[in-house]
Amino acid sequence: MRRTRILTAVLALAAGLLAGTPPALAADSTAKVSLAADTYTWKNARIDGGGFVPGIVFNRSEKNLAYARTDIGGAYRWQESSKTWTPLLDSVGWDDWGHTGVVSLASDAVDPNKVYAAVGTYTNSWDPKNGAVMRSSNRGASWQKTDLPFKLGGNMPGRGMGERLAVDPNKNSVLYLGAPSGKGLWRSTDSGVSWSQVANFPNAGNYQQDPSDTSGYASDNQGIVWVTFDESTGTSGNATRAIYVGVADLQNSVYRSTDAGATWTRLAGQPTGHLAHKGVLDAAGGSLYLSYSDKGGPYDGGKGQVWRYATATGSWTNISPVAEADTYYGFSGLTVDRQKPGTVMATAYSSWWPDTQIFRSTDSGATWTRAWDYTSYPNRANRYTMDVSSSPWLTWGANPSPPEQTPKLGWMTESLEIDPFDSNRMMYGTGATVYGTENLTNWDSGGQFTIKPMVRGLEETAVNDLASPPSGAPLLSALGDVGGFRHTDLTKVPSMMFTSPNFTATTSLDFAETNANTVVRVGNLDSGPHIAFSTDNGANWFAGTDPSGVSGGGTVAAASDGGRFVWSPDGTGVQYTTGFGSSWSASSGIPAGAIVESDRVDAKTFYGFKSGKFYVSTDGGATFTASATTGLPSGDSVRFKALPGVKGDVWLAGGATDGAYGLWHSTDGGASWTKLSNVDQADAIGFGKAATGASYQTLYTSAKIGGVRGIFRSTDKGATWTRINDDAHQWGWNGAAITGDPRVYGRVYVSTNGRGVIYGDTSDTSGGGGTDPTDPTDPTPTGACAVTYKITNQWSGGFQADVQLSNTGSSAWTGWSLGWTFPNAQTVSQTWNAESTQSGSTVTAKNVGWNANVAAGSSVSFGFTGSWSGTNGRPTAFKLGDQACTVA
């Protein structure tokens, strides 16, 4: 639902911490930095959706080429062969985390290989960086970026309007971008490389959702909200002359240029008192369709209209499906059928109850039909059937009374698109998924059309906490908006989110270390309890009782045996209970708002942290005592965990750049701490199964080590570290939670703020070590090898391929170099997870520093984009040095 979607990332990254005093604790001077890495495979624990999809964009010249944008979780490209979405912005790194918020997308109709994304999450101080326009010439496989002199707001009010970014359909070197915050209209004439403000555009917008909001979130001027071209007013290679622009101004919402952007005028006779959320031009019919709301959306709006503007005569016609007096919602989603001029559809995006509504007209808006109608209130007749068997949690476990139904047709339905090549296919975004149909025209013949989730591969949950118990389900998650899930199979969508109660966001969860059937979670809820318990490993839940004053979830900890719990909720102080929370008592000696965790061995020992102080309770949470240690991070951007199986063994990560920041370890229950000198910064810490021969569990951290940000693993208690992700897999901000799997060596679960739960598996399943790949004395690999070469995407003139190189010999490699010859003079343009050189048709790909070690029986993968002409044949022979490899 994402009413504001302001989650842990903003709070942690925006927190300014006071400069800390010099640490009065030991530093580990013997630790060694090692940035070698083995090869990891990264996937999502499948949820399918889970967040707001405010934009869907079909390319107008190539069939089956479509993109989706999310408010905080990046952008995606549709893969027709598998009916899935491919993520495109996983390469966005920690420092640029805001660039995972996509405010607009544009797909080039002249050159379908080109796609553009306007990125930036917040226009206020929460996002410290300006926005950018990212451009790709290979459909999002790789990107170049131009930073802008202002911020963009992919997660700001008004984010469902658009598209704000548009490519001239006749001269594709020309792009326009509508900016928020009064920054005006911007133009590029060099395919997005450089941008300048359109100085003579007359109106930068003035609409604010809430002018009194001092945070700058709801009080930001929503600015210029869409740009559309009338392609019929230009010729190939010449700039389109007629351009329409939507402005967030209740009295002056639509402007036009008829001279390719040289001059602009307000459209005469336009309706006032509303914002034009969308402007969709049907050049064949000579009409500009506009959907209006009295608010900016995506979750507000009480009145709406739909209008048609005749581009030739300048006449306006109110074609609203419902009289404005009868609306309690705004209109936003808007599309036309490019195969059937005069067919137009619109959504009542802010109709929360009893459901959203979709309207359809086949006569240019003269008459309309609805997706559902009342028969005799409260009973409904639907023109559609819904099949959510692929994402069964979309029912929310609800059993509503009519006229509500489950699953709902949707909410926050601001994106709606008919496939320009297929009148039967339509997709639309909601606050939780992408729905679609492939038999839409049944609507017109009186039959029913089928709506299904079309969202596989698009993962858009914000992760607050993760747990991997030693038995039962391998993964339990605490998520924003959809609460959380119990994954018994990471490759399958769970049947339901956590229910009884359904939290709007689960903020923390824990399980009893020696009794993993006992699980507790806490979260936010508009009304109702904020804590829930399970006695069957999270399969079923029952609500606890809140102590007085609770306003939010906070953090919670379960005793190692499950016999008691300590809870630090929002709104009141730390509490403890025996049993399942039927009554609570206030803990003493610890401040309100402290983060709480449990010792994983001693059932009566709990820990807390607040504002630089570490607290310990040995009486089940009744009383806490502050540790005398100083030098820990002075703020509250901290996460800590106790190691399973060892009493008093605690690791603490966190801090900020203007104070203490890093990773600390205590072996005496927090009485004293050692700061690891080989960790520059750390934000989350977790544990997993020990490596073969290791006596200590594997450590995982989201950290900066050796000057490099990434996900790191240590099999030797933090003495050395291995970076296990790469620059293509960064997922923006990932500091909320991390945990290894206690049953599978090398498996790690990583939180993201909008890309769901990522999990990685190592190719080195034994946990064996290797020599330093940067050592020039390392030998050239020898022995048997096998290669799998796969073209994963191909388009006119370009392609993307993945190569897997397997060590089928008996000894480990400590460096590798793979060569092949293209049969059709293809050329490599960009490589990831390897370094490549090319001479003529011969290519050599070599390891990078972090993926040189390849154990016997393991493999390494890399990918590249390239160009081709005529034929794109596969290489038939590969050599590892002088050794010929088997080709799969």
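What you see is a predicted model; the values in this text were computed from it and never measured. All residue numbers in this chain count up from 1 along the given sequence.
Listed for the Arg639 side chain is a donor-acceptor partner under 3.5 Å among the backbone atoms of Gly735. Without hydrogens or angle criteria, Ser714 side chain to Thr720 main chain gives a donor-acceptor distance under 3.5 Å. Remark: the backbone N or O of Phe485 is paired with a side-chain donor or acceptor of Ser477 at under 3.5 angstrom.
Between Trp567 and Phe565, the distance from one ring center to the other does not fall under 6.0 angstrom.
Between Asp683 and Arg709, at least one side-chain nitrogen of the basic residue sits less than 4.0 Å from a carboxylate oxygen of the acidic one, meeting the salt-bridge criterion. Of the charged side-chain nitrogens involved, at least one lies within less than 4.0 Å of a carboxylate oxygen, so that Asp96 and Lys145 count as a salt-bridged pair. A salt bridge links Asp90 to Arg755: one of the charged nitrogens lies within less than 4.0 Å of a carboxylate oxygen. Ion pairing between a basic and an acidic side chain is recognised when a charged N comes within 4.0 Å of a carboxylate O; Asp602 and Lys647 show such pairing.
Judged by a 6.0 Å distance limit and a 45° cone about the ring axis, Lys641 is not positioned over the six-membered ring of Trp651. Stacking of Arg600 on the aromatic ring of Phe511 is recorded, both the 6.0 Å distance cut-off and the 45° axial limit being met. A cation-pi contact links Lys717 to Tyr696, judged by a cut-off of 6.0 Å to the six-membered ring centre and 45° from its axis.
Of the options Trp94, Trp97, Trp42, a ring pair (Phe, Tyr, Trp, His ring centres under 6.0 Å) to Trp731 is made by Trp42 and by none of the others.
Partners of Tyr607 according to the ring pair (Phe, Tyr, Trp, His ring centres under 6.0 Å) rule, which considers only residues two or more places apart in sequence or in another chain, are Phe614. Partners of Phe498 according to the ring pair (Phe, Tyr, Trp, His ring centres under 6.0 Å) rule, which considers only residues two or more places apart in sequence or in another chain, are Trp541.
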Would you tabulate the side-chain donor-acceptor contacts of residues 549-559 under 3.5 Å, counting partners in other chains and residues two or more places apart, or write 'none'?
unit_1, atom_1, unit_2, atom_2, d
Ser551, OG, Asp570, O, 3.4
Thr555, OG1, Val596, N, 3.2

Subject >> Step-by-step side-chain contact (heavy atoms from CB on, under 4.5 Å) determination, Asp599 to Lys604 >> reply: CA-CA 8 Å; Asp599 190 87; Lys604 288 193 174 183; over 6 Å; no

**OP:** Could you check Arg486 against Leu475 for side-chain contact (heavy atoms from CB on, under 4.5 Å), going step by step and ending with a plain yes or no?
**Re:** CA-CA 6 Å; Arg486 178 180 188 259; Leu475 178 66; over 6 Å; no

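Closest of all the heavy-atom pairs between Val650 and His665 is O-CD2, 3.3 Å.
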